[in-house]
Amino acid sequence: MWQLAGQQLGSRLILGTGGAGSPQALERAIVASGTELVTVALRRIDAGGPGGLLDVIERCGVRVLPNTAGCYTATEAVKLAHLAREAFETGWVKLEVIGDERTLLPDAVELLAATEQLVADGFTVLPYTNDDPVLARRLADAGAAAVMPAGAPIGSGLGITNPHHIRLIRQSVEVPVVLDAGIGTASDAALAMELGCDAVLLASAVTRAADPAGMAEAMRYAVAAGRLAYESGRIPKRFYALASTVDEGRPEL
Amino acid sequence: MWQLAGQQLGSRLILGTGGAGSPQALERAIVASGTELVTVALRRIDAGGPGGLLDVIERCGVRVLPNTAGCYTATEAVKLAHLAREAFETGWVKLEVIGDERTLLPDAVELLAATEQLVADGFTVLPYTNDDPVLARRLADAGAAAVMPAGAPIGSGLGITNPHHIRLIRQSVEVPVVLDAGIGTASDAALAMELGCDAVLLASAVTRAADPAGMAEAMRYAVAAGRLAYESGRIPKRFYALASTVDEGRPEL
Amino acid sequence: MWQLAGQQLGSRLILGTGGAGSPQALERAIVASGTELVTVALRRIDAGGPGGLLDVIERCGVRVLPNTAGCYTATEAVKLAHLAREAFETGWVKLEVIGDERTLLPDAVELLAATEQLVADGFTVLPYTNDDPVLARRLADAGAAAVMPAGAPIGSGLGITNPHHIRLIRQSVEVPVVLDAGIGTASDAALAMELGCDAVLLASAVTRAADPAGMAEAMRYAVAAGRLAYESGRIPKRFYALASTVDEGRPEL
Amino acid sequence: MWQLAGQQLGSRLILGTGGAGSPQALERAIVASGTELVTVALRRIDAGGPGGLLDVIERCGVRVLPNTAGCYTATEAVKLAHLAREAFETGWVKLEVIGDERTLLPDAVELLAATEQLVADGFTVLPYTNDDPVLARRLADAGAAAVMPAGAPIGSGLGITNPHHIRLIRQSVEVPVVLDAGIGTASDAALAMELGCDAVLLASAVTRAADPAGMAEAMRYAVAAGRLAYESGRIPKRFYALASTVDEGRPEL
Amino acid sequence: MPDVSVNGSPARVPAGHTVADLLRAATGSPAPRGVAVALNGTVVRRADWPTTGLSEGDRVEVLTAKQGG
Amino acid sequence: MPDVSVNGSPARVPAGHTVADLLRAATGSPAPRGVAVALNGTVVRRADWPTTGLSEGDRVEVLTAKQGG
Amino acid sequence: MPDVSVNGSPARVPAGHTVADLLRAATGSPAPRGVAVALNGTVVRRADWPTTGLSEGDRVEVLTAKQGG
Amino acid sequence: MPDVSVNGSPARVPAGHTVADLLRAATGSPAPRGVAVALNGTVVRRADWPTTGLSEGDRVEVLTAKQGG
């Protein structure tokens, strides 16, 4: 169990819903992942009405975390967050303020400004940030309920390109650290937890895998494995070997 | 489920028993790991008799895999394997023929000679080898039931120092590949499975962790996670981002 | 030859003077490095007068690049830059606005603000930045004459912790990219150049080495090597081997 | 200056001649590399006679090191070495005994057998080996004049896939260690030297680069840089920053 | 009959038409679950939907949940 | 009363003493589970323990399971 | 005789003392090379040193080049 | 006129033909620089080229330097 903004959560995996091939595939992945919190975007309604995404989420019994994907300025992101609060009756928001369309990395200045505004507006702000420890601390100082650094560009599957910075972020803030973006496979998620992250948020790694439900289960175990390893005190790294079998009592043959 | 030398095994984790602080700690770790196969060494009996290690193993309901730890020549290792067969009534042997006491890495020439002899003697030979794909193939050609390459020196906790070679080994042989030695933490074990290994063998990473049972559970999940990820078809790595949220339908605010 | 803010420079190595054990050691290192540009700080004058640092630099025939080390706000840094311009009769400034005393990483918001101000004040601004490609682009857009991303924390010797981000920065801006901070050894400097950087700025790696002049010469060659490699079109990476000796004409023996 | 089998050599770069597009390109690369020793293969003579390779080498004033490329058994390699001695009037041989055509990695058992035989036959044996420290020591014990571990498969350009093993090899033998195979770019060569290698042998990285002469010059500097760095005592790696500019004397502005 | 824009497309709505009327026409419900409305770039609170009228030139955005990372 | 070596330590055993006798003295059982015996470097099969006598100068190794990686 | 602060330390200077006078006392030259002066946090241009007087409570910073990264 | 194989190709050489004769025919010199010769898989020392005759069925390999890594 861990706490995010005062909420108890059993699973340390947050699942993004983007990229799934069908609602059915998404639903199977949500169930297999064991997550309790999934992100959604806010987009123009189709002719047919609100559509079934919320039904899927409701059936799975998980909470909704709206994002502000696609916003390039604090102003836009703040407006979209307010709309999301109205649509989903939640004050939680995964705050994205993108600075570059090729990398989809956040714009530090706009992100901080939007965080300040949304905190003032009473939101529980979960900013998607880069891996800069200084920005992470400023976001936390501004009232962010967690910081969510990218391991690598969204959807890139490159894993955690700078583990050192994730460690530094873990030391720089008191709030939860959620590794968000870049995860490609299970060992990436386990590593994130071993670096001290409190949770992992991922979408493409599961939704775009050949077998999304299988990969969702992999991520469920990977996050559990990484957290247990973090808590269990791993052995130190050694340059040379250290025998696991004692030499004493070796026979003369 | 996977097969090792014709045996069905549910768990893909093989646990070495060396390094545990007490029989109780070992037993808790074995249980928490979910393993079905544990290694033991053969050493001179103490005054008090055979001791309780076999009792622990029996209570846990797991199979025994004797090793030839401490042998530096094929001759010694072959003799010790024969003694182990007599003691434990099993023809399986984790064959270790060490070439260097600082790294505890195997001696290629002696290891191959011992494998050939023990195969001729009817053993199920599971050689602890280095990460050389050519030697792996020669061991398999000589009749080894699996090849067990080191990720890094025994007890070093350095993880998998050369993932490329593990991949090459996986392509070089038909028999199971068991990553043996070097694992330090959960993400290392997950990575081993993602590289295509059929199982992971580890001792120190669990037995010498601050909380052996906690780390054993971590490894249980890590191996499951890595295997699922391997089977589920991970996303490709991309240099740039790929949005997980579609841009279409983004409002003008 | 390359150009920095309209100046032709032969050497792609910029040397920081901090950390040297003596003026003599510094002078030998400057000479051995082949650099044409060295950084200096601005600090309170000692009882004895301006001291010999400028004399050393003059004897070496290199240009001075003042820094704003130790500033934590844009306001401070701007003031210090103006003082430096007065002291050294140069409008060039290595702009440092630190955000955290443990990592000495820059504060994105303050750095951008200071850059904007100093550009408006007519300076040639060379900001020491983090490895965020979005911030790099904003600094360039604000008129920075180059961007100087950290490879790792100042003096850490960790090298380039995120080569992917350095590549992305190289693609994000038109101005020169100078890898600044984190270099530990020659291969780090060569790698920086291979990633497409136009130059490398380093201090501790040379001044705190056991043999500063020897390491300065190493860095001189490393930067040249990396640049040549970058320009010469390296071979692609292959999973398997590609024989360098042809098989054709092999004798039957 | 360093010594290989009693010979003084100024350059620590050994250049393989395979892969060059033309004799002219090869000659320019040899000159640009500064090497004093180049490898050649022995193949069936063409209709036109011995061909110009030896002329190129003679014009460059460098020594010839024949290889046994393409041999898969000790017997073949030994025969080819004897032929090379006759052709080139040198007892030096780069001994290759390949174990696998996909990776072109050596066969440990055959390589050791061939080394023993050629040492007995009075050759100066320079075996191309894998990165196994135990095999390296056995080759040295058998009388090899140096050991030449692969950093990665021949022509792969993957660099040094297991730096830990290269370090271990450096500690395991007294004879020179020459990093042979796998180098892709300048920083790889510098790293090899920083790991303690005495020299680097490479072919494809230069001969197959877009600009062979440019890359040859890059490698010349890279090897010099890496060696100087190795000898100059690099700074330790630190988790946090260490300021290169002192804080003392910072003004109050 | 004011001309407005709904989700970027031109639309003509009856005089006196409210946000709730618009939603009823679009989704079958005057207060559909999981929907938010922006009028000229500003959120309209759910409680105000029945009483917020549309005027000539208004830009209305009607949004709902879509898959997103 | 031949002098033998058991696990590297000198021991004197009665004349006609067998491997099984030695094991009984050492472990309480003539055929303990999880034990192997080498006589002068060669394994003695379990079935042969009762009939394998010890002679002057014999080196006996009595081995059992220990924790090992 | 105004009381001022020079580089953080209290100092008493003669009435009418200028920045140039202060520099001469400190360095031997009224316009030393490689030196900058801040008066109450603001740079004093080199050209203004001879004509910038010091007043009671002034904070003067006299700076020069030090080794820095 | 024995039938031999030279570098894998069949060849007919005059009776009494030596290795040196073969080399002269192939390269213009009876002792070309940078060349080695194997006769039936075994090296023929340079000094023995003029006196080593070829017999029916001999396999001759004439080798020289090629680019190699």
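Nothing here was measured: the structure is a model prediction, and the numbers come from that model. Residue numbering restarts at 1 for every chain, and letters A, B, ... go by the order of the sequence lines.
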Can you say whether A:L26 sits under 4.5 Å from chain E via the side chain, the backbone, both, or neither, judging by heavy atoms? side chain

Would you say A:E86's side chain and E:R46's backbone share a donor-acceptor pair under 3.5 angstrom? yes

Report the distance from atom OG1 of E:T64 to atom CZ of A:R44, rounding to the nearest 0.5 Å. 14.0 Å

Measure distances from A:A41 to the heavy atoms of chain E and classify the residue's part below 4.5 Å as side chain, backbone, both or neither. both

Check each atom of A:L80 against the heavy atoms of chain E and say whether the ones under 4.5 Å are side chain, backbone, both or neither. side chain

Is A:R43 reaching over with its side chain to a backbone N or O of E:K66, donor-acceptor style, under 3.5 angstrom? no

Once rounded to the nearest 0.5 Å, what's the spacing between atom CD of E:E61 and atom CD1 of A:I45? 12.0 Å

Might you confirm whether atom CD of A:E101 has over 12 heavy atoms from other residues, nucleotides or ligands at distances under 6.0 Å? no

Relative to chain E, which of A:S204, A:G19, A:G18 shows the most heavy atom pairs under 4.5 Å? A:G18

Please evaluate residues E:R33 and A:E89 with respect to the criterion salt bridge (charged side-chain N to carboxylate O under 4.0 Å, His left out), reporting the C-alpha separation (whole Å), side-chain torsions for both, the decisive distance (0.1 Å), and the verdict. CA-CA 10 Å; E:R33 193 177 60 111; A:E89 293 164 35; over 6 Å; no

Is it true that atom CZ of A:R102 has more than 12 heavy atoms of other residues, nucleotides or ligands lying nearer than 6.0 Å? yes

Search all heavy atoms of E:G34 against all heavy atoms of A:L54 and return the closest pair with its distance. CA-CD1, 3.5 Å

Spacing of CG belonging to E:L63 relative to CG belonging to A:L83, to within rounding of 0.5 Å: 5.5 Å

Taking side chain as everything from C-beta outward and backbone as N, CA, C, O, which of these in E:V37 sits under 4.5 Å from a heavy atom of chain A? Side chain, backbone, both or neither. backbone

Of the non-hydrogen atoms in E:Q67 and A:L53, which two are nearest, and what is the gap between them? N-CD2, 3.3 Å

Region of A:A69 that comes under 4.5 Å of a non-hydrogen atom in chain E: neither

